Asks: 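Below is a structure I'd like to ask you about.
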Amino acid sequence: MSVWEKLQNLDPRWFYYILLIVISIPIVKPWGLPIKIGSQSEAFHEAIEALNPNDVIFVVAGYRTDSIVEMDPQLAVLFRRALEKDVKVVVWGAVDEGAMVAQRVIEPIAEEMGAVYGVHWINLGYKPISDALLQKMIDDFPQAMAYTEMGGGRLDSYEITRDIRTVTQFDLIVCLTNVTPSPAQSILKMITIPKSVPLAVGTTAMCLPEEMPYYSSGHYIGLLGGLRGAAEYELLTGIAGSAIAAMDAQSAAHFLVIILIILGNLGYFFSKKEAKSR
Amino acid sequence: MNATVSMWLELFFTICIFSLLLYKDNKLFRFAEIVLVGITAANGIVMTFDNYIKPTIVTDIGVDHKFWYIIPIIMGLFMYTRFFGQIGWLSRIPMGLWLGVGAGYILARQPAVFFSQIRASFLSLNTVNNVIFVVGILSVIVYFFFTVDTGKGPLKVVSEVGKVFLLVTFGAAFANTVASRVSVLLGRMQFILQDVFKLGV
């Protein structure tokens with residue numbers, strides 16, 4: 001058996017062992033590789049910077065625990081930047097785990113920055129997304145949100161939500177999503193296009209190709225893509241978070257994957273050639 | 001829950017799941033898998049009831065006395081009749097309503113998205129990016145012509161170009177999937193190395 005054939009038949013577990021080592025090295029000792037900022041992240045940043053004090057943004061937590069590595073840093077830096085600018089934040093969990101995963105990110109930040117629950121921010125909890133619910137948000141926002149926030153308190157008892165009658169009152173909707181069908185596309189269809197409420201989106205690298213056409217066509221006013229997008233936004237805002245720290249390891253892993261793909265293809269090519277010559 | 005207990009539990013379940021890849025299928029992995037499925041299902045049910053169904057019923061029916069809301073609740077319960085043979089046909093009523101409303105919303109709202117996407121493809125061909133964009137759209141649409149034969153003549157050339165664009169798109173989607181999956185592994189390794197063993201902090 002030739003070297004190429006041996007490589008082709010190598011136990012896949014070896015690749016995982018190598019990947020673990022390659023990822024671990026930069027986590028323990030970061031290299032500080034440069035990060036280039038993309039236009040989508042810049043547009044997202046500009047959308048947030050354009051907000052004025054006391055504006056209210058509606059943050060849709062449409063992701064689950066399987067994507068917290070990519071989505072949590074996006075939410076963390078967005079929430080921190082909004083509070084810095086005195087922008088109020090209303091969070092809604094559009095998927096079953098959304099409200100809870102968002103809560104564990106934003107609660108410590110709010111505590112650290114002295115933001116008051118119900119005044120500067122609120123979590124409305126999980127209300128399952130559907131076209132009918134989004135239409136209801138336009139017609140009667142409190143009823144769509146079942147009149148309550150996550151802990152069961154009534155929306156009319158909190159300063160931040162007392163006067164909100166329709167979702168169109170929000171100055172910006174930010175949808176952080178990694179599920180299919182995409183909540184962002186539903187919001188675009190039901191709220192953004194008919195009611196002209198601006199929409200910015202954050203998503204995982206995997207879902208990025210699905211959301212990109214809507215950014216290119218100008219429907220989304222900003223787009224953060226995966227851990228890379230979070231790192232770019234951290235750089236733009238100057239808020240150091242976990243995304244920048246993880247970029248070296250991400251780059252190292254991508255480099256390894258490229259090498260493995262090249263080796264795999266070379267192996268395939270030479271094994272076929274050897275088989276033919278035999 | 002105590003933060004330390006929570007951290008060690010997280011570490012234990014992470015190792016259980018990793019054991020499938022780094023070792024082989026085993027009872028620890030199965031245990032972690034079952035716990036995950038159970039907790040996810042329970043969380044979904046509790047959150048839906050506690051955050052949505054209960055407050056809606058309490059306020060709309062209990063406080064505002066909108067008793068006609070009981071009708072959609074009953075219709076919703078009809079969905080479960082499929083588990084009871086003879087009255088299973090009742091589940092078709094809410095399903096029909098659901099499909100009708102869904103189709104209505106799509107017919108009313110989707111064209112606006114669709115047409116604005118088409119409008120967004122009307123670009124001036126003054127940059128290389130725009131030219132690639134327009135050529136990509138047209139050739140891929142030609143590739144999906146099913147009513148005319150795209151296997152010969154000039155249409156074949158355009159169709160082949162469309163196929164190349166599709167393959168590039170699939171490649172990009174695959175690369176993004178790799179990036180996402182690597183991020184998940186990266187998050188776990190950050191947790192193990194930095195949070196648990198305090199390395200590189």
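Computed from heavy atoms alone, side chains included, the values below leave out hydrogens, waters and symmetry copies. Because the structure is a prediction, the values reported are computed rather than measured. Note on naming: letters A, B, ... go to the chains in the order of the sequence lines (proteins, then strands), and numbering restarts at 1 for each one.
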Asks: Between A:Arg64, A:Gln135, A:Lys29, which has the largest tally of heavy atom pairs under 4.5 Å with chain B?
Replies: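 Top count of heavy-atom pairs under 4.5 Å with chain B: A:Gln135.
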
Asks: Please look at B:Leu193 and chain A and tell me whether the side chain, the backbone, both or neither of the residue comes under 4.5 angstrom of a heavy atom of that chain.
Replies: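 Side chain of B:Leu193 only, per the 4.5 Å heavy-atom cut-off to chain A.
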
Asks: Side chains of A:Tyr147 and B:Asp60: do they bring a donor and an acceptor to under 3.5 Å?
Replies: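 There is such a pair between these side chains.
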
Asks: When heavy-atom pairs shorter than 4.5 Å are enumerated against chain B, which of A:Arg228, A:His219, A:Gln185 gives the highest number?
Replies: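 Top option by heavy-atom pairs under 4.5 Å: A:His219.
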
Asks: Count the heavy atoms belonging to other residues, nucleotides or ligands that lie under 6.0 Å from CZ of B:Phe12, then report whether that count exceeds 12.
Replies: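 More than 12 within 6.0 Å, yes.
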
Asks: Strictly by modelled atom types, are A:Tyr63 and A:Glu70 linked by a side-chain donor-acceptor pair under 3.5 Å?
Replies: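 Side chains of A:Tyr63 and A:Glu70: no pair found under 3.5 Å.
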
Asks: Side chain from CB out, backbone as N, CA, C, O: work out which of these in A:Ala252 comes under 4.5 Å of a heavy atom of chain B, or both, or neither.
Replies: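 Contact with chain B involves no heavy atom of A:Ala252 at all.
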
Asks: At a heavy-atom distance under 4.5 Å, which candidate from A:Ala253, A:Cys207, A:Ala132, A:Gly152 has the highest pair count against chain B?
Replies: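 So the answer, after comparing A:Ala253, A:Cys207, A:Ala132, A:Gly152, is A:Ala132.
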
Asks: Relative to chain A, which of B:Leu199, B:Thr56, B:Thr59, B:Val182 shows the most heavy atom pairs under 4.5 Å?
Replies: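 The answer is B:Thr59.
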
Asks: Which region of B:Asn129, side chain (C-beta onward) or backbone (N, CA, C, O), has a non-hydrogen atom less than 4.5 Å from a non-hydrogen atom of chain A, or is it both or neither?
Replies: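 Answer is neither: B:Asn129 stays 4.5 Å or more from chain A.
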
Asks: Examine whether an atom of A:Asp66 lies under 4.5 Å from a heavy atom of chain B, and if so say whether it belongs to the side chain, the backbone or both; otherwise answer neither.
Replies: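 Backbone only.
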
Asks: Is it the side chain or the backbone of B:Lys66 that comes within 4.5 Å of chain A heavy atoms, both, or neither?
Replies: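 For B:Lys66, side-chain heavy atoms alone lie under 4.5 Å from chain A.
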
Asks: Taking side chain as everything from C-beta outward and backbone as N, CA, C, O, which of these in A:Ile193 sits under 4.5 Å from a heavy atom of chain B? Side chain, backbone, both or neither.
Replies: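 The side chain, not the backbone.
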
Asks: Under 6.0 Å from the six-membered ring centre of B:Phe122 and within 45° of its axis: does the NZ or CZ of B:Arg119 meet both?
Replies: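 Output no; distance or angle outside limits.
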
Asks: If you count heavy-atom pairs under 4.5 Å with chain A, which of B:Leu185, B:Ile45, B:Val101, B:Val58 comes out on top?
Replies: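 Of B:Leu185, B:Ile45, B:Val101, B:Val58, B:Leu185 has the most heavy-atom pairs under 4.5 Å with chain A.
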
Asks: Would you check if A:Val101 and A:Met71 make a side-chain contact, meaning some heavy-atom pair closer than 4.5 Å?
Replies: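 No. Closest side-chain heavy atoms not under 4.5 Å.
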
Asks: Please check if the side chain of A:Tyr117 supplies one atom and the backbone of A:Asn123 the other of a donor-acceptor pair under 3.5 Å.
Replies: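 Yes, A:Tyr117 side chain to A:Asn123 backbone: donor-acceptor pair under 3.5 Å.
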
Asks: Does a sphere of radius 6.0 Å around CH2 in A:Trp31 hold more than 12 heavy atoms from other residues, nucleotides or ligands, not counting ones at 6.0 Å or beyond?
Replies: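 Enclosed: over 12 neighbouring heavy atoms sit under 6.0 Å from CH2 of A:Trp31.
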
Asks: Checking A:Asp140 side chain against A:Lys136 main chain: does a donor-acceptor pair fall under 3.5 Å?
Replies: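 Checking the backbone N and O of A:Lys136 against the side chain of A:Asp140, no donor-acceptor pair under 3.5 Å is found.
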
Asks: With a sphere of 6.0 Å drawn around CZ of A:Arg104, does it hold more than 12 non-hydrogen atoms of other residues, nucleotides or ligands?
Replies: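 It does: A:Arg104 CZ has more than 12 such atoms within range.
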
Asks: Need one label for B:Arg181: side chain, backbone, both or neither, based on atoms under 4.5 Å from any heavy atom in chain A.
Replies: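 Interface part for B:Arg181: side chain.
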
Asks: Side chain, backbone, both or neither: which part of A:Leu133 has a heavy atom under 4.5 Å from chain B?
Replies: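 For A:Leu133, the contact with chain B is made by the side chain alone.
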
Asks: Taking side chain as C-beta onward, heavy atoms only, is A:Asp131 less than 4.5 Å from B:Arg109?
Replies: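 A side-chain contact under 4.5 Å is absent here.
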
Asks: What residue in A:His254, A:Met190, A:Met150 has the most heavy-atom pairs under 4.5 Å with chain B?
Replies: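 Sorted descending by pairs with chain B, the first entry is A:Met190.
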
Asks: Considering only heavy atoms and a distance below 4.5 Å, find which of B:Ala172, B:Gly44, B:Ser116, B:Ala173 pairs most often with chain A.
Replies: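 Of B:Ala172, B:Gly44, B:Ser116, B:Ala173, B:Ser116 has the most heavy-atom pairs under 4.5 Å with chain A.
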
Asks: Does a donor on one side chain sit under 3.5 Å from an acceptor on the other, for A:Asn178 and A:Ser67?
Replies: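 A donor-acceptor contact under 3.5 Å links the two side chains.
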
Asks: Can you tell which part of A:Glu149 gets under 4.5 Å to a heavy atom of chain B, answering side chain, backbone, both or neither?
Replies: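 For A:Glu149, neither part sits under 4.5 Å from chain B.
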
Asks: Distance alone, cut at 3.5 Å: any donor-acceptor contact between the side chains of A:Glu211 and A:Ser182?
Replies: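 Yes.
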
Asks: Count the heavy-atom pairs under 4.5 Å between each of B:Ser183, B:Ala179, B:Ala112 and chain A, then report the option with the highest count.
Replies: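 Of the candidates given, the most pairs with chain A belong to B:Ser183.
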
Asks: Is it the backbone or the side chain of B:Gln194 that comes under 4.5 Å from a heavy atom of chain A, or both, or neither?
Replies: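 Interface part for B:Gln194: side chain.
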
Asks: Top residue by heavy-atom pair count (under 4.5 Å) with chain B, among A:Thr192, A:Leu20, A:Val95, A:Leu227?
Replies: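 When all of A:Thr192, A:Leu20, A:Val95, A:Leu227 are compared, A:Leu20 has the most.
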
Asks: Given heavy-atom pairs under 4.5 angstrom as the criterion, report whether the side chain, backbone, both or neither of A:Thr204 touches chain B.
Replies: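 Its backbone and side chain both get close to chain B.
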
